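All remarks here apply to the structure that follows.
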Amino acid sequence: MILTINNVIIVAFITRLFSKTPIFYLSNMEIKLLILSSLFAGAFCSKFPEEFLFGTATAAFQIEGAWNEDGKGESIWDRFLHASGRENGDVTCDSYHKWQEDIDNAKALGLSSYRFSIAWTRILPNGTLNFINQKGVEYYLNLIKGLKSEGIEPLVTIYHFDMPQYLSDLGGFLNPQFVDYFEDYARLLYQLYGSYVKYWFTFNEPFSICSGGYGSGMTAPGLSLNGDGIYQCAYVLLKAHARAYRVYDTEFKDQYNGKVSIVLNTNWFEPNSTSTEDLDAQERILQFYLGWFANPVFIGNWPQVMIDRIANRSKLEGLARSRLPEFTQEEIDYINGTYDFFAINTYKVYKARNTEHGISYPDFYFDMGVTYENKYFYPEGFRKLLNFINDRYNPGSVIVTENGLETTDYLNDTDRITYLKDYMNSALEAIEEDKINIFGYTVWSLMDNFEWGSFERRFGLIRVDFDSPNKTRTWKESAKWYQQVIATRSLDN
Ligand code: IFM
């Protein structure tokens with residue numbers, strides 16, 4: 001029988017019914033059992049660690065609105081959506097004006113961290129040091145100080161998809177000089193906010209940035225360069241990341257003692273079958289998705305499978321050199337080791353199937369030679385991903401910087417609760433049983449926001465009424481549930 005406080009009391013009570021002992025009398029043995037059972041209860045009830053960072057995440061373009069207010073410059077997402085005539089990010093959640101209410105909600109949830117991004121164009125309207133916009137500087141100072149005063153750790157993303165349009169006109173991630181612009185911007189942020197901010201993320205989701213913006217062209221700046229631009233984007237972006245990391249390390253670390261890393265994203269992939277081909281496909285897709293950026297930062301250089309396959313296909317396409325830019329040894333060493341922890345965004349699980357393509361036009365997905373399908377939710381896959389990261393990259397510590405469920409618009413979001421509970425439980429198992437040092441978990445998102453072209457796709461714990469002039473915030477059931485999780489550090493509610 002399981003030793004619990006309840007069991008001890010029930011057994012004692014039933015025994016009393018058949019004896020002459022007063023009902024409320026407890027024998028020495030029973031008192032000992034009670035003490036033991038309460039000790040066991042503490043030991044076996046799974047709890048997240050004391051210092052664990054329970055967070056939620058947002059991004060500037062998705063929540064702030066005020067796209068051209070108080071001196072803010074135009075970003076590629078402003079241009080991209082205005083040009084398309086689709087819904088845009090001009091107002092979204094209006095967090096530029098409602099930041100205090102958002103902090104109040106974060107506080108009421110009991111968050112220990114809040115991840116948000118800085119809009120480059122609010123601080124530097126054209127992206128260069130040419131003009132520093134004081135109103136933008138103050139906005140983030142207020143936000144950061146407001147969070148700190150409530151005991152909430154600000155986790156700051158330096159770049160979350162919204163490049164200044166001017167820098168994009170200069171070539172964006174295809175321009176090697178981007179590295180210098182990013183260095184200037186990052187250094188300015190460290191100078192302005194470094195005394196308050198202990199966690200910095202250089203880029204959010206380089207995979208999404210390069211594959212969407214410079215590959216498929218589905219996201220800003222909308223370039224369809226799926227065989228070359230996509231790789232050049234990664235090449236420049238990684239150097240920009242490393243520069244920003246090293247600037248902090250050499251100029252600010254001693255004084256502020258903060259940490260810097262890059263936020264990577266991937267789904268987990270299961271093999272479609274147990275065939276060797278599909279098992280290889282599983283490994284290959286993880287290399288093309290995660291290893292593409294993780295290997296240069298955590299190990300050094302691109303994954304060998306990418307180097308080999310892209311060189312081979314480039315040759316068969318009649319090219320004189322690989323479409324994947326080659327790092328010099330100096331670049332490999334410069335990028336390698338530019339992390340203080342591993343930050344991961346992940347949402348879904350897919351099945352990977354080996355698919356070899358003949359030689360036609362240059363394409364990232366042909367280079368990879370894997371198709372994937374059957375999107376499903378599989379928390380065990382999350383645990384496998386955490387183990388994969390820990391084993392492959394040995395980063396020392398890991399933070400989950402985004403995880404969450406997309407739904408349509410309703411308040412009784414029990415499906416989100418189930419998803420979050422299952423995924424958080426997997427994270428807890430990875431901490432307790434696999435001994436992975438996971439120091440935080442971040443729900444995407446604090447509130448419904450603008451999902452890069454859509455207001456229908458909702459990830460928030462808090463509902464936002466986009467039709468109301470006030471952009472009214474209302475707690476969903478999942479927000480109340482997460483509040484309990486944080487209060488108890490446990491999933492047992
Ligand atoms: O909304 C996005 C976020 O900007 C980046 N990570 C994925 C989220 C959900 O799609």
Side-chain angles (χ1 to χ4, degrees), residues 55-65 67 75-78 80-81 86-89 92-93 95 102 113-121 155-163 201-216 218-222 233 237 241 261-268 289-290 292-294 342-350 375-377 382 385 399-409 413 415-416 419-420 423 440-464 466 476 478:
T56 61
T58 59
F61 182 77
Q62 294 177 269
I63 65 162
E64 284 177 9
W67 79 280
S75 79
I76 52 173
W77 271 95
D78 295 323
F80 187 66
L81 290 174
R86 288 157 60 195
E87 289 181 304
N88 58 49
T92 63
C93 309
S95 200
D102 294 336
S113 67
Y114 176 61
R115 176 173 172 242
F116 64 93
S117 78
I118 292 184
W120 193 334
T121 50
L155 311 184
V156 179
T157 311
I158 297 174
Y159 182 94
H160 195 124
F161 304 171
D162 49 353
M163 184 183 292
F201 306 106
T202 53
F203 290 97
N204 179 68
E205 299 185 356
F207 182 92
S208 311
I209 294 171
C210 294
S211 68
Y214 296 81
S216 67
M218 300 290 283
T219 59
C233 166
L237 185 152
H241 154 75
S261 215
I262 185 168
V263 174
L264 303 184
N265 67 302
T266 187
N267 300 300
W268 178 249
Y289 267 70
L290 189 63
W292 185 16
F293 297 95
F342 202 114
I344 185 74
N345 293 354
T346 191
Y347 289 83
K348 295 168 192 150
V349 173
Y350 289 82
K375 173 178 71 180
Y376 60 109
F377 300 114
F382 181 38
L385 173 62
I399 179 168
V400 179
T401 31
E402 281 182 32
N403 180 234
L405 182 71
E406 171 184 347
T407 61
T408 51
D409 184 15
D413 54 344
D415 43 2
R416 180 170 287 106
Y419 174 98
L420 293 175
Y423 274 68
Y441 172 89
T442 320
V443 177
W444 183 272
S445 173
L446 172 67
M447 57 191 157
D448 292 338
N449 55 54
F450 185 45
E451 180 59 24
W452 309 107
S454 164
F455 285 108
E456 309 303 316
R457 302 176 55 195
R458 290 167 179 255
F459 284 87
L461 297 174
I462 296 175
R463 175 176 190 262
V464 176
F466 294 110
K476 300 182 192 176
S478 59

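Being a predicted model, the structure only gives us computed values, none of them experimental. Hydrogens, waters and symmetry mates play no part in the numbers below; they use all other heavy atoms, side chains included. Residues take their numbers from the sequence shown, with the count starting at 1. Read the numbers this way: they start at 1 and go in the same order the structure lists the ligands and their atoms.
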Practice item. Could you pull out the closest heavy-atom pair between E87 and G453, with the gap in Å? Key: OE1-O, 3.9 Å
Check your understanding: Of all the heavy atoms in H160, does at least one lie under 4.0 Å from an atom in ligand 1?
Key -> yes
Practice item. May I ask you to decide if the ring planes of F455 and F466 are parallel, tilted or perpendicular, using 30° and 60° as cut-offs? Key: tilted
Review point. Do N204 and ligand 1 have an N or O pair less than 3.5 Å apart?
Key: no
Check your understanding: If you measure from each non-hydrogen atom of E451 to ligand 1, which part falls under 4.0 Å: side chain, backbone, both or neither?
Key -> side chain
Check your understanding: Considering only protein heavy atoms, which is closest to atom 6 (N) of ligand 1, and at what distance to one decimal place?
Key -> E402 OE1, 2.5 Å
Point to revise | Centroid separation W292 to F207 less than 6.0 Å | key: yes
Review point. Parallel under 30°, tilted from 30 to 60°, perpendicular over 60°: which one fits the rings of F459 and Y347?
Key: perpendicular
**Study point:** Polar atom proximity, Q62 to ligand 1 (N or O, under 3.5 Å)
**Key:** yes
Point to revise | For E205, the ligand 1 atoms whose distance to one of its heavy atoms is below 4.0 Å | key: 5 (C), 6 (N), 7 (C)
Point to revise | Non-hydrogen side-chain atoms of V263 and N265 separated by less than 4.5 Å | key: no
